[in-house]
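Take a look at the structure below.
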Amino acid sequence: MTKPDPHIESFRLQAERMDQLGIPSDPDAAMALLAVFMSEIEGTISEEEMFSLAEIGGHLYREGLRRKVIGIHK
C-alpha cells in the first residue's frame, strides 16, 4: 500500500479539524480565501502557477454552483 501524498494528507487533517470545530463545508468561503491569496501573490509567481490556482477556483466554483442548483430543486 502506498503512502498518501503529504499534501492530500494535510487536506484530510484540515478537513477533520474543521469538522471537529463545526465549520461547515462552504465552497464560497474557500473561493474567497483563494481569491485573497491569489491577489496577495499575483506578480510573484508564474502565469502557470496562477492558472493552476485559478483551476482550483474553477473546481470550487462548480461545486458551489452544483450545491446551489441541488438546493433549489429540493
Side-chain angles (χ1 to χ4, degrees):
M1 189 156 132
T2 62
K3 290 180 97 175
D5 179 278
H7 299 294
I8 301 296
E9 182 64 11
S10 73
F11 298 160
R12 185 188 66 75
L13 292 171
Q14 181 66 8
E16 286 179 0
R17 186 186 76 74
M18 293 167 67
D19 288 343
Q20 290 170 352
L21 294 173
I23 298 171
S25 178
D26 183 359
D28 290 340
M31 279 191 301
L33 288 170
L34 181 59
V36 168
F37 177 66
M38 289 174 72
S39 294
E40 291 172 354
I41 63 170
E42 191 170 16
T44 65
I45 64 173
S46 71
E47 286 184 34
E48 292 86 11
E49 291 166 322
M50 282 298 280
F51 180 80
S52 293
L53 293 173
E55 187 173 357
I56 293 166
H59 286 284
L60 292 169
Y61 184 87
R62 287 194 311 190
E63 177 61 16
L65 186 60
R66 183 190 67 78
R67 287 177 182 221
K68 288 174 184 158
V69 168
I70 289 171
I72 291 170
H73 291 101
K74 281 187 176 181

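Atom CD of Q14 and atom CD1 of I23 lie 7.5 Å apart (nearest 0.5 Å). With rounding to the nearest 0.5 Å, the separation of OG1 in T44 from CD in E49 is 8.5 Å. Atom CD of E16 sits about 12.0 Å away from atom CG of L21, to the nearest 0.5 Å. Here CG of L34 is found 14.5 Å from OH of Y61. Values are rounded to the nearest 0.5 Å. Atom CG of L53 is separated from atom CD1 of I41 by 5.0 Å, given to the nearest 0.5 angstrom. Taken to the nearest 0.5 Å, the CD1 atom of I45 stands 7.0 Å off from the CE atom of M38.
Residue-environment remark: CD (E47) stays at or below the threshold of 12 foreign heavy atoms within 6.0 Å.
Residues F11 and M18 are members of separate hydrophobic clusters, defined by side-chain heavy-atom contacts under 4.5 angstrom among Ile, Leu, Val, Met, Phe, Trp and Tyr. Under the 4.5 Å side-chain heavy-atom criterion for ILVMFWY residues, no single connected hydrophobic cluster contains both I56 and L33.
Listed by chain and residue number, F51, H59 satisfy the side-chain contact (heavy atoms from CB on, under 4.5 Å) test with E55 (two or more places apart in sequence, or in another chain). Contacts of D28 classified as side chain to side chain donor-acceptor pair (under 3.5 Å), with partners at least two apart in sequence or in another chain: K68.
Contact check for R66 versus R62: no side-chain heavy atoms found under the 4.5 Å cut-off.
Closest heavy-atom contact between P27 and E63: CG-CG, 3.9 Å.
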